[in-house]
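Convention: sequence-line order gives letters A, B, ...; per-chain numbering from 1.
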Protein chains: 2
Amino acid sequence: MAQGASAVAQKSGENLLFLTDDQIRKGIEAMFFAYRGFTADPDRILEEQGYGRAHHRAIHFIHRAPGTTVNNLLAILGVTKQSLNRVLRSLIEDGLVESRVGNRDKRERHLFLTETGAALEQKLSDAQRERMRAAYRAAGPVAVAGFRQVLEAMMDPEMQRHFNRLTDSAR
Amino acid sequence: MAQGASAVAQKSGENLLFLTDDQIRKGIEAMFFAYRGFTADPDRILEEQGYGRAHHRAIHFIHRAPGTTVNNLLAILGVTKQSLNRVLRSLIEDGLVESRVGNRDKRERHLFLTETGAALEQKLSDAQRERMRAAYRAAGPVAVAGFRQVLEAMMDPEMQRHFNRLTDSAR
DNA sequence: ATCTTATGTCAGCCTTGTTGACTTTCCAAG
DNA sequence: CTTGGAAAGTCAACAAGGCTGACATAAGAT
């Protein structure tokens with residue numbers, strides 16, 4: 001099983017050396033190390049404010065989809081409502097997020113960032129984007145296109161749906 | 001600050017549209033969703049065995065660098081010795097990892113996977129590689145090269161050092 | 001002999017995930 | 001109009017896996 005990729009590479013006329021276990025292992029380790037860098041800068045800012053990564057995620061997606069319901073956010077974040085609720089409660093208490101009762105369906109709560117919340121979102125995403133932009137610039141447009149392709153192919157189908165729904169609604 | 005990329009794109013003659021805030025945000029969200037997929041399959045296996053992601057990381061890097069010391073593992077994983085120790089202790093108790101006192105320096109402990117440990121490592125990395133290989137195959141070799149380039153550029157320099165040290169010592 | 005390093009361990013704390021049980025609100029189907 | 005069920009919130013309890021601080025031990029280095 002572990003040597004499956006090598007067998008494939010042998011059988012094919014194409015150059016499938018990029019599918020060897022070794023190449024794939026490098027990709028796995030790259031993901032591990034890169035994700036640490038990916039979260040490092042926001043993490044530092046969050047710590048100053050007494051928040052964690054969970055708060056960042058909530059803030060990010062509320063910013064991206066203002067007025068989203070709690071249920072929708074749950075589906076995107078993939079956590080339990082109890083986990084999300086704890087985070088949302090503190091954000092609402094601290095005046096970073098506003099929760100408005102739905103018009104059509106008054107059971108639903110629609111979530112929005114307040115000015116303060118938007119300011120923190122800005123600060124966090126500025127930090128994260130700066131590293132990302134440096135990486136993009138260093139790697140170049142072709143590499144970036146490949147980067148995105150591989151990441152999309154790596155997602156669970158349901159997450160891919162959420163991803164596309166978000167990017168389709170880009171301004 | 002947030003509009004910096006747009007300004008850059010305007011100023012330059014090159015096509016720097018891939019550096020816009022919008023493109024970078026998509027990359028950020030792709031990282032988030034992809035990382036979930038990246039860990040999903042091993043997580044399922046680990047749960048069956050009563051382990052977590054921390055155990056997977058330890059097992060992975062002990063497999064990759066057999067005989068590594070605790071200190072080296074700490075540097076790679078970027079956690080405290082107390083955190084790592086808790087994980088290592090359970091792996092040693094369960095007979096997945098062996099800790100041998102160093103020859104040259106008897107303060108050091110060199111870590112190795114037992115047969116049982118290697119078997120779990122195999123199972124975990126098979127699962128993770130399968131998804132990765134599917135993503136690689138779907139995206140193609142050029143995309144994969146770009147994927148790796150961007151990830152490397154995203155790492156903290158120290159992590160990049162660890163990453164390269166590992167991949168240089170590939171068999 | 002003393003300093004430093006590598007490791008291990010105890011205690012305690014925090015964040016963030018989980019389950020389970022229960023309530024409130026309120027839309028919608030009967 | 002009643003009732004079933006969905007959406008949301010809350011409480012309690014727990015676990016994993018981070019963290020700090022303090023301390024012990026062994027052993028290399030000075």
Side-chain angles (χ1 to χ4, degrees), chain A residues 32 35-36 39-40 42-62 67-94 97-112, chain B residues 32 35-36 39-40 42-62 67-94 97-112:
Chain A
F32 170 70
Y35 200 78
R36 294 254 294 279
T39 57
D43 280 355
R44 269 187 287 273
I45 296 167
L46 288 158
E47 204 187 6
E48 292 168 15
Q49 320 265 332
Y51 293 130
R53 225 174 267 179
H55 299 84
H56 186 192
R57 291 196 279 263
I59 288 172
H60 175 94
F61 287 110
I62 293 172
T68 184
T69 62
V70 172
N71 246 7
N72 184 40
L73 206 50
L74 284 176
I76 290 175
L77 296 176
V79 296
T80 59
K81 64 176 176 174
Q82 292 91 333
S83 274
L84 177 57
N85 196 258
R86 179 169 35 201
V87 167
L88 280 181
R89 208 188 317 158
S90 71
L91 290 174
I92 292 168
E93 275 172 13
D94 298 352
V97 167
E98 197 192 341
S99 169
R100 293 184 209 151
V101 172
N103 288 330
R104 247 188 26 193
D105 185 336
K106 289 180 186 170
R107 290 168 304 181
E108 293 181 342
R109 305 301 148 93
H110 298 274
L111 303 169
F112 300 87
Chain B
F32 170 70
Y35 200 78
R36 295 254 294 280
T39 57
D43 280 355
R44 269 187 288 273
I45 296 167
L46 288 158
E47 203 187 7
E48 292 169 16
Q49 320 266 330
Y51 292 131
R53 226 174 266 180
H55 299 84
H56 185 191
R57 292 196 279 261
I59 288 172
H60 175 95
F61 287 110
I62 293 172
T68 184
T69 62
V70 172
N71 247 3
N72 184 40
L73 205 50
L74 283 176
I76 290 175
L77 296 176
V79 296
T80 59
K81 64 174 179 176
Q82 293 92 330
S83 279
L84 177 57
N85 197 257
R86 179 169 35 198
V87 166
L88 279 182
R89 208 188 316 160
S90 72
L91 290 174
I92 291 168
E93 275 172 12
D94 298 352
V97 168
E98 196 192 341
S99 169
R100 292 184 209 151
V101 172
N103 288 332
R104 250 189 23 193
D105 187 336
K106 288 179 185 169
R107 289 169 306 180
E108 294 181 341
R109 306 299 150 92
H110 298 276
L111 303 169
F112 299 88

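At the phosphate of C/dG8, neither OP1 nor OP2 sits under 4.0 Å from any side-chain N or O atom of B/R89. Between C/dT5 and B/N71, no contact under 4.0 Å exists linking OP1 or OP2 to a side-chain N or O. OP1 or OP2 of C/dT16 has not a single side-chain nitrogen or oxygen of A/S83 nearer than 4.0 Å.
With values rounded to the nearest 0.5 angstrom, A/I92 atom CD1 is found 5.5 Å from A/L88 atom CG. If you take CZ on B/R57 and CZ on A/F32, they are separated by 5.5 Å, rounding to the nearest 0.5 Å. B/T69 OG1 to B/R107 CZ: the interatomic distance, rounded to the nearest 0.5 Å, is 11.0 Å. Annotation: the span from B/L91 atom CG to B/Y51 atom OH amounts to 5.5 Å, rounded to 0.5 Å.
Using a 4.0 Å heavy-atom cutoff across all strands shown, B/R53 reaches sugar-phosphate atoms only and no base atom. Counting any heavy atom pair closer than 4.0 Å across all strands shown, B/H110 reaches no nucleic acid atom.
Two residues, A/G52 and B/L88, neighbour DNA chain C, and the one matched to the more 5' nucleotide by heavy-atom proximity is B/L88. Comparing A/R109 and A/G78 against DNA chain C, the residue whose closest nucleotide sits nearer the 5' end is A/G78.
Atom CG in A/L74 sits about 13 Å away from atom C1' in C/dG17, given to the nearest Å. Rounded to a whole Å, the CD atom of B/Q82 is 11 Å from the C1' atom of C/dT7. Put simply, CZ on B/R44 is 14 Å from P on C/dT18, counting in whole angstrom units. Per the geometry, CG belonging to A/D105 stands 14 Å off C1' belonging to C/dT24, to the nearest Å. Remark: C1' of C/dT23 and NZ of A/K81 are 10 Å apart, rounded to the nearest angstrom. Atoms CZ (A/R107) and C1' (C/dT24) sit 12 Å apart, rounded to a whole Å. A straight line from CG of B/N85 to C1' of C/dA11 spans 14 Å, rounded to a whole angstrom.
The outermost nucleotides of DNA chain D lying under 4.0 Å from heavy atoms of chain A, listed 5' to 3', are D/dG5 to D/dC11.
For C/dT25, its base never sits under 3.5 Å from the side chain of A/K106 at any donor and acceptor pair.
Side chains of B/H110 and B/S99: no donor on one and acceptor on the other come within 3.5 Å.
Proximity of A/F61 to A/T68: side-chain heavy atoms (C-beta onward) are nowhere separated by under 4.5 Å.
One finds a salt bridge joining A/E98 and A/R100 here, because a Lys/Arg side-chain nitrogen approaches an Asp/Glu carboxylate oxygen to under 4.0 Å.
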